[in-house]
Enquirer: 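Here's a structure for you.
Note that the structure is predicted; figures quoted are calculated from it, not measured.
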Amino acid sequence: RRFYTESRFQKAGTDAFRIAMETESGQSLDRFFEQWIYGEKIPKLAVTTRVEPAAGGGTPVLAVHVTQVGDLFDVPVTVLVEYPGQKPVPVVVKVTERETHARIPLSGAVKGVELNRTTGVLAEFVRPR
């Protein structure tokens, strides 16, 4: 809001926008801007999922493994867990490294798992090796 108010009816550049967002968030956004604003590539992701049974009477989990092929990106991947007779449950896996492993606790038998259906993240999904 502050950026809009201060820049309204004026020409504002990308660097001014980045600085305003960094000021408000208290974080460096250099990597984000280099990847998503100035860069020309999109992330290539190889994703595998598997349901692991409960260990020792605990809760079963969905194991998600994401490998980034090529350049590294910070990218959220939405995993949609489908249960019989229920609305699908979206879970966001934050991918920031070459290899990302996530374990999602499950609340019952899984009917299916889908990637990226609800968010449309800009990425190329490739077959795992």
Side-chain angles (χ1 to χ4, degrees):
R1 290 182 196 177
R2 184 174 314 179
F3 177 76
Y4 173 76
T5 301
E6 292 174 358
S7 304
R8 192 171 178 196
F9 305 119
Q10 299 178 39
K11 183 175 181 179
T14 305
D15 287 337
F17 179 71
R18 180 185 54 79
I19 291 167
M21 296 302 108
E22 287 178 340
T23 300
E24 290 301 315
S25 69
Q27 300 178 50
S28 170
L29 298 175
D30 285 340
R31 185 169 164 173
F32 172 83
F33 274 76
E34 286 302 318
Q35 294 169 341
W36 293 104
I37 305 301
Y38 302 122
E40 297 175 358
K41 297 179 181 180
I42 63 171
K44 289 184 182 179
L45 308 173
V47 182
T48 59
T49 62
R50 78 174 178 280
V51 174
E52 295 180 350
T59 305
V61 297
L62 178 66
V64 180
H65 180 198
V66 182
T67 302
Q68 292 201 56
V69 180
D71 293 353
L72 287 179
F73 280 80
D74 294 337
V75 59
V77 174
T78 300
V79 178
L80 206 60
V81 182
E82 299 174 336
Y83 297 101
Q86 297 179 22
K87 289 180 113 177
V89 177
V91 179
V92 176
V93 175
K94 294 179 181 179
V95 178
T96 58
E97 304 295 330
R98 178 77 54 208
E99 302 281 332
T100 299
H101 299 276
R103 297 175 58 76
I104 301 167
L106 299 172
S107 61
V110 173
K111 177 179 156 185
V113 175
E114 284 192 58
L115 300 172
N116 204 35
R117 183 174 88 182
T118 58
T119 58
V121 70
L122 182 60
E124 179 182 349
F125 288 88
V126 299
R127 285 204 163 108
R129 294 180 186 204

Enquirer: Which heavy atom in P88 sits nearest to a heavy atom in P90, and how many Å separate them?
Expert: O-CD, 3.6 Å
Enquirer: Could you check if a side-chain atom of R18 sits within less than 4.5 angstrom of a side-chain atom of D30, using non-hydrogen atoms only?
Expert: yes
Enquirer: How long is the span from the OG1 atom in T100 to the NE2 atom in H65, to the nearest 0.5 Å?
Expert: 8.0 Å
Enquirer: Do L122 and V79 land in one hydrophobic cluster if side-chain heavy atoms of ILVMFWY residues count as linked below 4.5 Å?
Expert: yes
Enquirer: Does atom OH of Y4 have more than 12 heavy-atom neighbours from other groups under 6.0 Å away?
Expert: no
Enquirer: Mind listing the closest non-hydrogen atom pair of V81 and L62 along with its distance?
Expert: CG2-CD2, 4.0 Å
Enquirer: Going from CD1 on I104 to OG1 on T59, what distance comes out if it is rounded to the nearest 0.5 angstrom?
Expert: 13.5 Å
Enquirer: Please find the pair of heavy atoms, one from A12 and one from F3, that lie closest to each other, and give the distance.
Expert: CB-CZ, 3.7 Å
Enquirer: Within this structure, what is the OG1-NE2 distance for the pair T48 and H101, rounded to the nearest 0.5 Å?
Expert: 8.5 Å
Enquirer: Is it possible for you to say whether V69 and F125 belong to one hydrophobic cluster, with membership spreading through side-chain heavy-atom contacts below 4.5 Å?
Expert: no
Enquirer: Are any of the side-chain heavy atoms of L45 and Q68 separated by less than 4.5 Å?
Expert: yes
Enquirer: Are there over 12 heavy-atom neighbours, none belonging to R2, within less than 6.0 Å of that residue's CZ?
Expert: no
Enquirer: Given the rule that I, L, V, M, F, W and Y join up when any side-chain heavy atoms are under 4.5 Å apart, are M21 and F73 in one cluster?
Expert: yes
Enquirer: Would you mind reporting whether D71 and Q35 have side-chain heavy atoms less than 4.5 Å apart?
Expert: no
Enquirer: Under the side-chain contact (heavy atoms from CB on, under 4.5 Å) rule, what do V75 and W36 come out as? Steps first, then yes or no, please.
Expert: CA-CA 10 Å; V75 59; W36 293 104; 4.3 Å; yes
Enquirer: Determine the minimum heavy-atom distance between A63 and E52, stating which atoms define it.
Expert: CB-OE2, 3.5 Å
Enquirer: Are V61 and Y83 linked, directly or through intermediate hydrophobic residues, by side-chain heavy-atom contacts shorter than 4.5 Å (ILVMFWY only)?
Expert: no
Enquirer: Are more than 12 heavy atoms from other residues, nucleotides or ligands located less than 6.0 Å from atom CZ of F17?
Expert: no
Enquirer: Consider only side-chain heavy atoms of I, L, V, M, F, W and Y, link residues closer than 4.5 Å, and tell whether V110 and V77 are in one cluster.
Expert: yes
Enquirer: Roughly how far, to the nearest 0.5 Å, is the CD atom of E114 from the OG1 atom of T78?
Expert: 11.5 Å
Enquirer: How are the rings of Y38 and F33 set relative to one another: parallel (under 30°), tilted (30 to 60°) or perpendicular (over 60°)?
Expert: tilted
